[in-house]
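Whatever order the structure lists ligands and atoms in, that order sets their numbers, starting from 1.
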Amino acid sequence: MEPVIGLEIHAQLKTRTKLFCSCPTEPGAEPNTLICEVCTGQPGALPRMNGRALELAAKAGLALGCRVNNRSLFSRKNYFYPDLPNGFQTSQLDPPICSGGGLDIEVPGGVKTVRLNRIHLEDDAGKCVHDERRGRTLVDLNRAGTPLVEIVTEPDLSSAGEAVDFLKKLHALLVFLEVTEGRLEEGEFRCDVNVSLKPVGARELGVRGEIKNLNSFRHVGKAVEYEVMRQTALYEKNEPVLQETLHFDPVRLETRTLRTKEEAHDYRYFPQPDLPPVWVGPEIVEAIRLTLPGTVEETRDRLTGLGLRDEQAALLLDRRGALEYFEKTTALFPDPGKAASLMEEFLLPACLKEDLAVADSPLAPEGLARLGELLDKGVLGRRAVQEMFGELFASGRDPEELAREKNLLLVTDRGALSAMAVEVVAAHPEEVAKYRSGQEKIMGFLVGQVMRKSRGAADPKGVARALLEAVGRPEEN
Ligand code: ADP
Ligand code: MG
Ligand code: ZN
């Protein structure tokens, strides 16, 4: 038997407001503060389509090689749950915003195209919060009406590894396109995993289990593995696999039955009468196509073309928000190599350490650009940066100001440097004589002496210049 896997991915679109009203879409707000009559399903309230959501869905579709349907339709998917105030989800049955398409993944011995069936728009439900202590359940509707795309693959995947690779690649692409923020822990990218078994080479598919709502790549891998094992055991005992909806238990790493599978007709889909058909004309599709930034591979090539090392390019592409931060930094400090190494060496590790998204770094791109400039001008040394970066990052302050306060600015002042050089020359007449007789290596020793005198705070280039002047002065001959 071989596994057959199909995925339904829900990605939250990166819009400021909800799909059918102007309530903001922010995580972490007080419960039931981001709501209105539309997203709480009050009688008579009418939805109004968010154009930006439509655009982002089409953008994802174009990047994934889908056909964007000029006309698509919203339907009501009816079911009851306390976090669904309308009593239906507004979703797209037929036609959806995008059809077809695919994404390639690498498999041993080549590339496999995972075909997409469709991408459609829908709104998210609210959230039930279970208050175990007082034995009650509360409903928070802040999420209700948040725009999602559902991306549905054909059952083309055949192992846990392939499913995880596909999801990681899709996630990276959607984040890169800025279609979604993709924060897994906020549920902004989650998926349902359909798994069945069939005899090797057979065309007909077996009965599937559908594991709901996974928001971790690792859990997807574990859930597929467990489900393949469970179904294999059933086949071996000659027992039927039931078409079921399952839940994955992340502690025991196993799946459990939630309910027997509902069919599409259970939802009594019908066209949503409150919304007109969605029209995205060919000229709009072409305009959206022009906003595509090129593929991840093209961007990697562009970055290495700017002189970044492969690992630096990979780092900027893999860490959410890093590329954007880099672009903003280099717009102000146009030295891509140095900007990338400052990010690699200081900024990204600091974000990791503080568990912060790059976009939430207290040190803004302006600050990092300024730091690059100061290093370039020799006002700051690498050592000083090392010493003060923690504080600079946390405070987001101006680097020069902070360095001055901490006495870390390099001494570049000509007068101060030449005074020190003159002292060193006077204190080491023998070495100076050797230098003048042609032993140029002695210069290193003299520079070292000045650096010591300044306790490491002198700009080495300036020191060398000052010493050459001091040694060469005729009155000292
Ligand atoms: P729904 O789950 O909403 O009923 P579909 O029937 O369209 O919707 O299937 C959803 C997902 O299940 C798709 O990703 C599809 O590829 C996958 N799928 C369908 N049949 C199977 C099967 N026998 N084994 C594994 N995956 C399947
Ligand atoms: Mg499904
Ligand atoms: Zn609202």
If you count the atoms of ligand 1 from 1 in the order shown, which ones are under 4.0 Å from a heavy atom of Val4? 24 (N), 25 (C)
Below 4.0 Å, non-hydrogen atoms only: which portion of Glu210 touches ligand 1? Side chain, backbone, both or neither. side chain
Within ligand 1, which atoms have a heavy atom of Glu154 less than 4.0 Å away? 16 (O)
Is the centre of the Phe20 ring less than 6.0 Å from the centre of the Phe74 ring? yes
Pairs of nitrogen or oxygen atoms closer than 3.5 Å, one from Gly206 and one from ligand 1: do any exist? yes
Go through Glu8 and His10 one step at a time and tell me if the side chain to side chain donor-acceptor pair (under 3.5 Å) criterion holds. CA-CA 7 Å; Glu8 298 161 86; His10 292 94; over 6 Å; no
The Zn ion (ligand 3): which protein N, O or S atoms are under 2.8 Å away? Cys21 SG, Cys23 SG, Cys36 SG, Cys39 SG
Is atom NZ of Lys127 surrounded by more than 12 heavy atoms (other residues, nucleotides or ligands) closer than 6.0 Å? no
Proximity to ligand 1 by part of Val152, non-hydrogen separation under 4.0 Å: side chain
Checking contacts here: is it the side chain or the backbone of Leu7 that comes within 4.0 Å of ligand 1, counting heavy atoms only? Could be both or neither. backbone
For Cys98 against Gly61, the heavy-atom pair lying closest together: SG-CA, 3.8 Å
Under 3.5 Å, is there a donor-acceptor pair between the Arg268 and Asn78 side chains? no
In a check of side chain to side chain contact (heavy atoms under 4.5 Å, CB included) between Arg76 and each of Asp274, Asn86, Leu93, which one passes? Asp274
Give the atoms of ligand 1, by number and element, whose distance to some non-hydrogen atom of Leu205 is under 4.0 Å. 22 (C), 23 (N)
Tell me whether the guanidinium CZ or amine NZ of Lys77 lies under 6.0 angstrom from the six-membered ring centre of Tyr267 and within 45° of its axis. yes
